[in-house]
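Have a look at the structure below, then the notes.
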Amino acid sequence: MPPSVDVVVVGAGFAGLYAHYRFRELGLTAFGFEAAPEIGGTWFWNRYPGARCDVESLDYAYSFAPEVLDGWRWSERFATQPEILQYANHVADRFDLRREIAFETRVTSADLDESANEWLVRTDRGDTVRCRYLMTAVGSLSLPKPPEIDGLDDYRGRWVQTGAWPREPVDVAGKRVAVIGTGSSGIQSIPILAEQAAHLTVFQRTPNFSVPAHNGPVDPAYEAEVRADHAAHHKRNRRTKGGVPSRINTGLPAMSVSEEERRARFEEAWGFGTFSLQSVFSDISSNPDSNAAAAAFVHEKIRSVVKDPATAETLMPKSFPFGTKRLCLDTGYYATFNRDNVDLVDIRETPIERITADGIRTTEQEYPFDLIVFATGFDAVTGPLLALNITGVNGVTLREAWADGPQSYLGLMIAGFPNLFTVNGPSSPSVLANMLQTIEHHVDWIADTIDHLEKNGLTRIEADADAQVAWAHEVANMAEKTLYTKANSWYMGANVPGKPRVFLMYIGGLDRYVERVESIVADDYAGFTLS
Ligand code: N01
C-alpha cells in the first residue's frame with residue numbers, strides 16, 4: 001500500500017469502482033479500502049433469498065463505457081443480487097478495477113492534517129495512508145441496524161440479518177423460521193423463505209405498501225432500444241425525475257380525472273409494476289386526497305388477494321401516506337399469507353417482549369424457532385459516514401458537526417471538511433432516483449472538480465457554511481411541501497432511535513438537481529471556496 005496517494009476511495013461498490021476508473025483516466029493515484037472481501041457493496045452484502053433490484057436491469061447499469069455492454073446480457077427485467085454482483089465483477093474485470101483496492105479492510109478514522117492540507121486515513125489493519133482528496137463511496141444503505149430486541153444472547157438457534165446475509169448457504173429447508181420486519185428486504189425474502197421453511201412466522205410492526213414487480217425476461221424491444229443508443233438512453237435518464245424513463249405517467253393530478261379514469265390508470269400502473277403507481281398522477285406524493293385514492297386502491301388489491309379478511313386487514317398500511325415509506329416491489333408477497341405454513345403476527349397488537357433461548361416471546365405467547373431473520377433495516381445515509389470517524393477543520397468531528405442533523409452542500413461536500421467528497425451524501429437525490437445515475441453523476445462531478453483544481457494550480461475546495469445552510473433550507477422546504485415528512489420512515493431518520501428527524505434526500509428530482517449543480521459550477525463553483 002502506498003504511504004500517500006492523490007485520492008483515497010472508501011468503498012468498492014458501484015460508486016467506488018467507477019471512481020477508480022475515472023481517477024485512473026485523469027492520471028491521479030488512487031487507493032481504495034473495502035470492508036468486504038470482494039467488490040459489490042450493497043450487492044455483496046444483501047444476498048438474502050429473493051434479493052433483487054427494484055429498478056429495471058437495463059436502467060440500473062453503468063453508462064460510462066459502451067464496452068461494458070460487450071459480453072453482457074441481463075436475463076431478467078429486475079435482476080437478482082447474484083446477477084448484479086456478477087455485472088459489477090464483469091465491469092471490474094473489463095477495466096482491471098480491483099488492483100488498487102485493499103479488501104477486508106475497514107476505515108476506522110480519517111483526520112484532516114490542516115497544515116499539510118491532507119487527510120490521514122487509518123484502517124482496522126493498522127494501515128495509515130495520506131491523501132490530498134478523500135472520497136466516500138460507502139453506500140446509503142450499508143450499515144444494518146443492530147437487532148434491537150432483548151435476549152438475543154440467550155437464543156440457541158441461528159439468527160441472520162438480511163443486510164449482512166452470510167456467504168455460506170443458510171439452511172432454511174424444514175426449519176421453523178421467523179422474519180422480523182416488513183420493509184423491502186422482508187417483503188422480497190418472505191415469499192421465498194415461505195417456500196423453503198417448514199413454517200414461517202412474520203412479525204410485522206408496520207405494514208407496508210407493495211406492488212407486484214411483474215418480473216420476467218427482459219423485454220427484447222426495450223433491450224434493442226437501449227442497446228441501439230446506449231449513451232443517449234442513459235443521458236436521457238439523467239434528465240428525468242427518477243433517473244429512469246417514466247413510462248406510465250399521465251402528468252395529471254389524480255383528482256382532475258373521473259373516478260373511472262383514475263381507476264383505469266391505477267390498474268395500468270399496477271399491471272406495469274416499477275414505481276409507476278406513484279408517478280402515474282402528478283400529485284400522489286403531495287395531495288392527501290390523491291394519495292388516499294392510491295392507498296385505497298392498494299388496500300382493495302390486498303383484500304382481493306389475501307383470503308383471510310383479518311389477515312388482509314392487518315396487512316393494510318394505514319398509519320402513513322402511500323409511498324412515503326419506500327414503496328416495495330414484490331413477487332407474490334400478499335399471496336404468501338394464504339399458505340398454510342405462514343402466520344402473521346401483528347406486533348403492534350402483541351409486542352415482542354424478548355428473544356428467549358428457544359425463540360420469540362410476545363405479550364401473547366412464546367414461538368419456538370430454528371432461525372430468526374432480522375429484516376429490520378439500516379442506519380441509512382448518515383450512519384455509514386459517521387462510522388468513518390471523520391475529523392475536520394479545528395478538530396471538529398463529523399459527529400459533532402451533525403449532532404442536530406446532517407448538513408451538507410448538495411450532498412457532495414460538507415463545510416469544515418475540505419477536500420472530502422461524499423457520493424450520495426445527505427441532501428442529494430440518492431435513493432429517490434436510480435442509484436446508478438446518481439452515482440455516475442456524483443463521481444463525475446468529483447473527478448471533474450479535482451481535475452479543475454489540478455489544472456488551475458489549486459489545492460483546496462470547501463463548501464461555504466452559508467451556502468450549506470441555504471441548501472438545507474431549500475431541501476427541507478421541498479420535502480415539507482410533500483407528504484413524505486408525515487411518515488416515520490428511514491427517509492426521515494425515524495427508524496433509528498435517537499437519530500435527528502431530518503428528511504435525508506433532495507426530493508426535487510434528479511433532473512432539477514443536475515441542473516442546479518451544473519449552474520453552480522458554471523457560476524465559478526458558487527457556494528464553494530477554492531484556493
Ligand atoms: O428496511 P426497512 P429494509 N422491531 O427500514 C421493522 C432498500 N432495499 O431493509 O416500519 C420490530 O424498510 C420496520 O418496522 P417499522 C430500499 O430502499 C431495496 O427492508 O419501523 N420491527 C420495518 O418493517 C428499502 O426501503 C430493495 O415499524 C422492526 C422493517 O423492520 C431499504 O433498502 C430490497 C424493528 C425495516 O424495513 C431498506 O429496506 C431491499 C424492531 N426493533 C432493500 N426495527 C430493492 O428492492 C425495524 N423493524 C432494490
Side-chain angles (χ1 to χ4, degrees), residues 41-43 45-57 59-60 77-81 84 139-152 160-165 178-190 192 202-213 215 242 244 273-275 315 317-320 323-331 333 344-348 350-355 360 362 372-381 383-384 424 430-436 438 484 487-497 499 504-505:
T42 286
W43 300 106
W45 296 107
N46 286 270
R47 51 182 69 222
Y48 59 84
R52 291 180 184 276
C53 194
D54 55 9
V55 174
E56 293 192 58
S57 317
D59 294 309
Y60 193 82
R77 183 180 178 201
F78 297 99
T80 58
Q81 171 270 332
I84 300 171
S140 304
L141 293 154
S142 52
L143 185 64
K145 287 204 306 172
E148 290 159 344
I149 301 165
D150 289 343
L152 197 54
V160 289
Q161 289 176 294
T162 48
W165 195 267
V179 174
I180 303 176
T182 50
S184 298
S185 306
I187 282 178
Q188 283 189 329
S189 57
I190 284 164
I192 313 278
V202 176
F203 291 86
Q204 173 191 275
R205 188 163 71 180
T206 312
N208 224 327
F209 289 98
S210 190
V211 301
N215 191 29
V244 288
T274 68
F275 292 90
L315 286 166
K318 292 183 182 152
S319 59
F320 60 95
T324 54
K325 285 188 172 198
R326 188 177 179 94
L327 188 60
C328 303
L329 265 58
D330 74 90
T331 302
Y333 175 65
L344 179 64
V345 177
D346 179 351
I347 56 173
R348 296 251 180 228
T350 57
I352 295 176
E353 284 186 339
R354 62 180 291 112
I355 299 193
I360 294 176
T362 66
I372 300 177
V373 175
F374 289 89
T376 47
F378 300 86
D379 183 350
V381 184
N424 283 326
S430 73
V431 296
L432 295 184
N434 173 0
M435 290 291 268
L436 265 280
T438 60
Y484 278 84
N488 289 324
S489 63
W490 63 259
Y491 290 158
M492 294 295 300
N495 66 328
V496 174
K499 190 164 171 170
L504 290 167
M505 275 72 65

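Order of listing sets the numbers, starting from 1, for every ligand and every atom in it. Values reported hereafter were calculated over all heavy atoms of this structure, with side chains retained and with hydrogens, waters and symmetry mates removed.
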note = With sequence neighbours left out, the residues meeting side-chain hydrogen bond (donor to acceptor under 3.5 Å, both in side chains) with Tyr491 are none
request  = Would you please write out the protein residues whose heavy atoms approach any atom of ligand 1 to under 4.0 angstrom, listed by chain and number?
outcome  = Tyr48, Arg52, Cys53, Asp54, Leu141, Lys145, Glu148, Ile180, Gly181, Thr182, Gly183, Ser184, Ser185, Gln188, Arg205, Thr206, Lys325, Arg326, Ile347, Arg348, Ala375, Thr376, Gly377, Phe378, Trp490
key: Worked check of side chain to side chain donor-acceptor pair (under 3.5 Å) between Ser140 and Asn424   = CA-CA 7 Å; Ser140 304; Asn424 283 326; 4.8 Å; no
query = Taking only residues two or more places apart in sequence, or in another chain, which ones meet Asp54 in a salt bridge (charged side-chain N to carboxylate O under 4.0 Å, His left out)?
reply = Arg326
ask   = With Phe203, which of Ile372, Ile347, Thr182, Val179 fulfils side-chain contact (heavy atoms from CB on, under 4.5 Å)?
value = Ile347
ask   = Taking the six-membered ring where the residue is Trp, are the ring centres of Phe209 and Phe320 under 6.0 Å apart?
value = yes
remark   = Sorted by chain and number, sequence neighbours left out, side chain to side chain contact (heavy atoms under 4.5 Å, CB included) with Ser142 holds for Pro384
